[in-house]
Structures are given as C-alpha cells and as structure tokens.
Amino acid sequence: MTPEFAKPSNVYFFGTCLIDAFYPDAGLAAIRLIEREGVRVVFPPGQSCCGQPAYNSGFPDEARAVARRQIQVFGRDIPVVVPSGSCAAMMKHHYPVLFAGADDLAQARAFAARVFEWSEFMTRVLGVRYEDRGRPIRVTWHSSCHALREMKVIEHSKQLLRQLGNVELAELTNESECCGFGGTFSIKHPALSGALVNDKVDDIQATGAARVIAGDCGCLMNIAGAAQLRGWPFQAQHLAEFIWERIHGE
Amino acid sequence: MANEPFENNVDRALADAQLRKNFAFAMGNFILKRRAVFSDAEQTERLRTIGHAIKQRALSRLPELLEQLEAACTRNGIRVHWAETTAVGNRIVLEIIESHAAARVVKGKSMVSEEMHLNAFLANHGIEAIETDLGEFIIQLNGETPSHIIVPAIHKNKAQIAQIFHEKVAGAPYTEEVAELNAIARNTLRRKFYEAGIGLSGVNFAVAETGTLCLVENEGNGRMCTTVPPVHIAVMGLEKVVERLEDLPPLLRLLTGSATGQLVTTYVNLITSPRREGEKDGPQEVHLVILDNGRSRIYQDPQLRQTLQCVRCGTCLNHCPVYTRIGGHAYGFVYPGPIGKILTPQVEGLEKAGTLAFASSLCGACEEVCPVKIPIPALLRRLRDESYSSAPESSVPGRGCKQNWAERLAWKGWAFLNTHPRLNRLTTALLGLVGDYLPPAGPLERWMRYRSEPKFAPRSLHRRIREEGIADE
Ligand code: SF4
C-alpha cells in the first residue's frame, strides 16, 4: 500500500487512560510498531485522559479542563497517534465542539487536525507491510462504534489484519453492533449494557475463533470481562499487540 | 409501565425471552430490507443530504410556512385548527365529531393521535375510535399501545396474533395463516368504514405551497379513512410542513426506504381539498389539526431544533442496540427508541423522562441511518448537560434536575487528577498494587454483575515507557 502522506520523523503517542492502567502491553506494541518503521515516538509524561468520560456524562467543563491539558502537553506540530478509535474520535471530532466559544478554540482545532487513529496512521501514513510468522489461528474482529462511525478507520484496521497470512478472519454476524461498553453507560445502565455484551460474547463464541481482535481497549475490557465471567475460552486482544506477536512468531 | 422507573421496565423486558426473540427477528429483517434499497452508499448519502437540507430549509422558515400552509389549505377548503396542547387538540377533534353527531371514528395510523391519547379521551366522551391499520387493530383488540412508531404490533409474533384474533374477534377461528388473519381484520373493518361518520388520519408531510396533505400507507385503510366517511380530520405535529411539492419525491424515497425498505408504498395519498363539485368520492369536510405540544419551545433552541427534522421513519429504532433488545413499551412513553430519547425528555421534562437520555452507549447507529441526519448522540449529550445544568441557558423543562454535589465533586476530582500528572501517576501506580483487592461496591459492583473483575496492570504504561527509555519530550 502506498502511503498518502509524507513520513514524519517524529510522532506523539497518546496512550489513553485505559491502556495506561489496564493494557500497557497494547500501548507498547503500538509504539514499537511505529518505531520499527523508523519513526521516533514521543510520549509526553503529562498526558492523561482524552476527557470523554466527563464529556459523555453531562460534565463538559471538567471534560474541557482535561482536554485542554492534553492540547498543551502535545504542543509541537507533529502527528498525535492514538491506539483507540474512541479516544481519537473524541480528540479529532469532539474537541472542536467542546471548545466552541472558548478562547482556545483555534488551538483545539489545530490539535484535532493532527490526530490519527493508530491503524489509520500505520496504513495511510506509514504504508506498513507485515510478514506473519505465527502459527495458523482463527480470529474474529469487533468493529468498535467510534472507530467505525466517527473515525471511519475499520478498513485500515482490517487491511492490517489481512496482511497476516496465517490468520483466518471469521466474521461476526453483527460485527458493527455496539458491545455495550459506552463508558459510564456500563455502570449507569448495567442491565442494558450486560445484555449487549452477552450477545456480543455469544456472537464471538459462535465463530469458533480463539481470539477477538479490536482497536479499542474499552470494548476489549468489556468483552473479555463478560466472556471470562461466563467461562468462555476466547481471548480479547488489541490489534497492535496481536500484530506484534504475529510478526515475532509468538 | 409509564409510571414505573425505566430500570424496572428494562429488567422486565430483558427477562421476557419471547419478546426479545420477536424483536431480534423483526428488527433484523427491517435492517436487511433497508440495506437492500439503499445498497449504493454514495447515492444514499446524497439523498440523505438532500433530505436533511429540505427539512432544515423548512425549519428555518417554520412560522412563515405554517401561515402559508394555513392560507393555502383554507383556499382549498380545508379547515385549519391550531392546538397548543394535546388537551386543546382533543377538544377540537371532539367538537368536530359532536357537530356531526357522530358516534364512531375510523382511524388510520397516527402517532400524533397517540401523543394526544385521543382514543381514551374519545372513549370518555362516549365515542368509539376504531383503529384500521392492521398493527394498530391488533393492539387495540388487546388493549395495548404501539411498541414501534411504524409497526405498532411488532412485539407480537404470528401465533400471538392468531390467539388475540381468536379470543377478541367474535366468531374468529384460530389460524396462523396470514391471508386468513388479514381476511378476519378486513371483514371486521369493512363494515366500520361505511358506518363511521368521521375518518381520522395522520399526515406525513404538509406542503405549504399548495396546501396538500401527503399520507403514505400500504394497506389502503388510510385511503378508506380519508375518502369514505363524510368528514376527514387530519392531525399533525407542526414540524411536518415542507415548502414545496417538489420536496416530496426525495422525502418519500427516504421515508419509505428507511421505514419499510420499500421503493414506494402501495398507497401515496395527496389530499388537497374536500370533495369538489362533480367529484364522485371524498369527504364533504376536511379538517387539519396542527399540534404544538412543546414543539415551538424546542424550536427556539438552534441545536435542539434538529429534533424537529424527524420524519418518523422509525429506522433509528430498528438499528438501535437498546431498542432491539427491550422493545418500545419499556420506554414508558409514546415515542420509543432513539427519537423518543431525544424528543420525550424535551416534551415531558427532564425530571420525568431525563433518564432516557442516559440510557444509550452513544454508539451512533441511529445517526448513521437517520434519513434526515439528525445528530442524535450529540442531542443526547446535550440533554445530559441540561440535566446537570452544565449547558448554557436554555428552556428545556426540568433543567438541572440531576444536579447533586456528590457527582459534581467526583467529576471535579477526576478532572483534578487528570490535570495533575504526578498525582495521576501515583494513583495509577497505587491501583496497580491494590486495585485487584478493591471491594466490589458502587460502580465496580455494577460492572461486575456481568463481568469478571478488571485486572489493573502491575506497571502502568507511563512507568513502562520510563523504564524502556522511550522519548518523553
Ligand atoms: S430520528 Fe431520524 S431515523 Fe429516527 S424516526 Fe426520526 S427521521 Fe427516522
């Protein structure tokens, strides 16, 4: 695949709060895969959360304070790569809305323009090529809502997945249906969220796949948690971590 | 169910295996049918852009268009009535019926009449309202309300309908044959059409330019209701007005494609006047009742105004992961699903219906399919802000009803933590050590009702980055 942009020499990496606390391996894999293409990755230690939890819960002032912090921390004019469709969508599409009328709207817009979802960056900017060294495996793919509908990057993610020659992709019946995570939705309406995730888990189980791969750790945490509670054996893994394993023959 | 907390309705719906099966099956079919008529993504997008523009243009001139509609209708001989509230609307309908000394009304499908709770009101005044749309007929027999705005009896499967007919229609045998069920309904209704003094219908679009009422349907009952009885009363929400006749083709294509996955409905009725001299059919009188019921207040707010673009196609219901699991009754109000979640809290107030705005994962499936591109997730977010009074001044009823110091404090603390990196790192490190021993209480308990306990990583990404020497500036 030919990249659509010139390759930058430096990029920022926004790790997301969930990856920071729960899935650091996914974050490291995403970073290593960028570095592998000869791009230097900068991880500002002042970063925290994109602000989405408050933004979706009726607390825009608090969301703005946290968002403003990220904009300051990622100050240089280089791409910001985000290993989550949801956080990337927040930063790219919702910051300009959140800052409407604020003094620093121009900064928010300029920042938003630099945001890339990880798989989008790997395909559109770096044009990566992977060689699969892993043993044959059957996996399935979950399209997270904001990667699909706001960032519109699912084709990029799948393009990466398809490069892995020994990976058989078994599609879900309802691939693009929400897994029920929805951030605070999962604890404000546990029964609804639970019904959704259990259906997702059933759908995955029916494919006979050993793993479900996705580009968002919120969905993965939700799906893996529900699967584990019910004793289903499949694993849930972030795309970057999966690719890292495959190209190293793990 | 309207008087019960939403959560109880949800629990009950989720526990009803038959209901869930009926919805999953029916909604899946609707999704496939819609996909088949909108198979060309680019063309669909173009069409949706046109639909959006038409409704936006109409809304931008709404007061003017409504006056134009009234003038055009009046010129054509249609009598126009304005109802600020549902109570006024009911009263107007009753007065028309009483002025003709009618005892029976045949009704085509109309969600606005549901909004007015017209049937119950008329029954209290000794007037029988007979639903003639097949779905409405079924639920009326069973004493229920619609569970979907397009297919009101969709929560019932064939066997359940067969049972209702057998029990409630005198002399009806038990049959699951669709043709036979249809025949039972037809035989029962045919007679009523001739006997009724009044026909009542909804309106899909009202054309200001020509004073035309457009009504689409598939069963012919709508045409019967609007042509057989001597008097026709049409009821509509004031957002149904469009500028020109030429706006109709794209809107109809969008409405039918989205609603039922058809290219065109079996009947497209364009009603422009009562029966004229020399005409062989049609009612002698046509009345148009235009209902406000909170709409003009919604109209004042430039963002929330987008709610009024809705053409009531119902496709957001069919694609909603929440609606398809709990069905329409669980919402507890007339309009269920995503459109109900944005409309109902604005009409009924946030105290009564605000919970609905929070019962969404904001997945965006509704916005993706909405034929007039209503940004439903953004409006849900706005209503959440309104609930905590964190949006700029507005006239949303019940604004600020969810405000409480505990939650505000929690979010303030969250923001403080996430703007103070060292404190944040310390907290994450601490959670990495003891997080797995947290007692399952509060939010964690709610999470763990359906999932195992989340496992904090022993070393956070921040720490791993430092240890592995990745650049930090
Ligand atoms: S909100 Fe959009 S999708 Fe939902 S009923 Fe209205 S027009 Fe149809």
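Because only heavy atoms are used, hydrogens play no part in the values below, and waters and symmetry mates are left out as well, while side chains stay in. Naming: A, B, ... by sequence-line order, numbering from 1 per chain.
Heavy-atom distances place the side chain of Arg40(A), and not its backbone, under 4.5 Å from chain B. Residue Phe416(B): no heavy atom, backbone or side chain, is found under 4.5 Å from chain A. Contact annotation for Ile326(B): only side-chain heavy atoms (C-beta onward) come within less than 4.5 Å of a heavy atom of chain A. Interface residue Arg76(A): only side-chain heavy atoms are found under 4.5 Å from chain B. Heavy-atom distances place both the backbone and the side chain of Gln47(A) under 4.5 Å from chain B. Contacts of Leu14(B) with chain A are made by side-chain atoms alone, with heavy-atom separations under 4.5 Å and no backbone atom involved. Looking at Ile31(A), only its side chain comes within 4.5 Å of chain B, counting heavy atoms on both sides.
No other option in Met448(B), His319(B), Arg463(B), Glu407(B) has as many heavy-atom pairs under 4.5 Å with chain A as Glu407(B). Listed options Asn222(A), Val73(A), Ile223(A) were ranked by heavy-atom pairs under 4.5 angstrom with chain B; first place goes to Asn222(A). If you tally non-hydrogen atom pairs under 4.5 Å between each of Ala429(B), Gly364(B), Gly442(B) and chain A, the highest count goes to Gly364(B). Taking chain A as the reference chain and counting heavy-atom pairs below 4.5 Å, the highest number among Asn424(B), Thr428(B), Ile465(B), Thr355(B) is found for Ile465(B). Each of Lys402(B), Arg408(B), Arg425(B), Glu7(B) has some count of heavy-atom pairs under 4.5 Å with chain A, and the biggest count is that of Arg408(B).
Close approach to chain B, defined as a heavy atom under 4.5 Å from one of its heavy atoms, is seen in Glu177(A), Cys178(A), Phe181(A), Gly182(A), Thr184(A), Phe185(A) of residues 174-185 of chain A, taken by number. Contacts from residues 195-205 of chain A to chain B, taken as heavy-atom pairs separated by less than 4.5 Å, involve Ala195(A), Leu196(A), Val197(A), Asn198(A), Asp199(A) in sequence order.
Between His155(B) and Phe23(B), the angle of the ring planes stays under 30°, which puts this pair in the parallel group of the 30/60° scheme. Ring orientation note: the planes of Phe14(A) and Phe74(A) are nearly perpendicular, at an angle over 60° on the 30°/60° scale.
Under a 3.5 Å cut-off, the side chain of Asp216(A) and the backbone N or O of Ser86(A) do form a donor-acceptor pair. Side chain of Asn418(B) to backbone of Trp414(B): a donor-acceptor contact under 3.5 angstrom is found. Here the side chain of Arg64(A) pairs a donor or acceptor atom with the backbone of Leu98(A) at under 3.5 angstrom. In this structure, Asp104(A) contributes its side chain and Gln107(A) its backbone to no donor-acceptor pair below 3.5 Å. A donor-acceptor contact shorter than 3.5 Å links the side chain of Arg325(B) to the backbone of Pro321(B). The backbone N or O of Ala89(A) lies less than 3.5 Å from no partner atom in the side chain of His93(A), so there is not a single donor-acceptor pair. Counting only distance, with no hydrogens or angles, the side chain of Arg446(B) and the backbone of Ile187(A) share a donor-acceptor pair below 3.5 Å.
For the pairing with Glu386(B), the side chain to side chain contact (heavy atoms under 4.5 Å, CB included) check across Pro397(B), Cys401(B), Ser394(B) returns one residue only, Ser394(B). Under the side chain to side chain contact (heavy atoms under 4.5 Å, CB included) rule, Cys17(A) has a single partner from Cys50(A), Cys49(A), Ser48(A), which is Cys49(A). Checking each of Glu368(B), Glu45(B), Glu367(B) against Lys373(B) for a salt bridge (charged side-chain N to carboxylate O under 4.0 Å, His left out) leaves exactly one that passes, namely Glu45(B).
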Steps toward side chain to side chain donor-acceptor pair (under 3.5 Å) verdict (Gln303(B), Arg382(B)): CA-CA 9 Å; Gln303(B) 187 189 20; Arg382(B) 167 69 189 279; 2.9 Å; yes

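Between Tyr55(A) and His94(A), the distance separating the two ring centers is shorter than 6.0 angstrom.
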